[in-house]
Amino acid sequence: QVKLVESGGGLVQPGGSLRLSCATSGFTFSNYDMSWVRQAPGKGPEWVSSISVGGRIISYADSVKGRFTISRDNAKSTLNLQMNSLKPEDTALYYCSRGDYQFTPPNFDVGSWGQGTQVTVSS
């Protein structure tokens, strides 16, 4: 009964900002590493960022490093992604997930996935 509900996406101009949130339930959130994964039109899933259970270890894909910030609130069982200086190539459906997908490619056939939230960056 793991549930992951992403929100906060929308349409934004290049250079703009969005803050994504993921509300979770059905598992002990504080026991899991968490990741953000995205899928652009016509492409496979791409790992974006990961954060360790206590928030001490954080990693980003090279494509978003310096622009995105991942965070978590274990008391509220929520995961967040602050996205600044957005580019058209950031356009994708964004998902949160349990686990660290930095070195293991994300696979929608394995694990639990929510509905995602759409981010569109366009003039």
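Numbers here simply count residues along the sequence, with the first being 1. Below, each value reflects all heavy atoms present in this structure, side chains not excepted, and no hydrogens, waters or symmetry copies.
Partners of D33 according to the side-chain contact (heavy atoms from CB on, under 4.5 Å) rule, which considers only residues two or more places apart in sequence or in another chain, are S52, V53, D100. In this view, R19 satisfies the salt bridge (charged side-chain N to carboxylate O under 4.0 Å, His left out) rule with no residue, not counting sequence neighbours. The side chain to side chain donor-acceptor pair (under 3.5 Å) test applied to S17 returns N84, not counting sequence neighbours. Applying the side-chain contact (heavy atoms from CB on, under 4.5 Å) rule to V119 yields the partners L18, L20, M83, Y94, V121; only residues at least two apart in sequence or on another chain are considered. Shown here are the side chain to side chain donor-acceptor pair (under 3.5 Å) partners of Q102, two or more places apart in sequence or in another chain: S59. In this structure S63 satisfies the side-chain contact (heavy atoms from CB on, under 4.5 Å) test together with R38, E46, A61, sequence neighbours excluded. Judged as a side-chain contact (heavy atoms from CB on, under 4.5 Å), and not counting sequence neighbours, the contacts of S123 are P14.
Sorted by first and then second residue, the disulfide bond (SG atoms under 2.5 Å apart) pairs involving residues 62-123 (not counting sequence neighbours) are C22-C96. Each salt bridge (Lys or Arg N to Asp or Glu O under 4.0 Å) pair with one or both residues in residues 75-89, not counting sequence neighbours, would appear here, but there are none. Applying the ring-ring contact (aromatic ring centres under 6.0 Å, His included) test to pairs two or more places apart or on separate chains, those with a residue in residues 100-123 are Y95-F108, Y101-W113, F108-W113. Listed by first and then second residue, the ring-ring contact (aromatic ring centres under 6.0 Å, His included) pairs involving residues 8-28 are F27-Y32 (not counting sequence neighbours). A ring-ring contact (aromatic ring centres under 6.0 Å, His included) check over residues 35-74, counting only residues at least two apart or in different chains, returns nothing.
The CD atom of Q115 sits 9.0 Å away from atom CG of L4, with the distance rounded to the nearest 0.5 Å. Interatomic distance, R98 CZ to L79 CG, rounded to the nearest 0.5 Å: 13.0 Å. Atom CE of M34 is separated from atom CG of N74 by 10.0 Å, given to the nearest 0.5 angstrom.
Under the 4.5 Å side-chain criterion, counting only non-hydrogen atoms from C-beta, Q13 is not in contact with L86.
When atom types are taken as modelled, the side chain of S77 and the backbone of T24 share no donor-acceptor pair closer than 3.5 angstrom.
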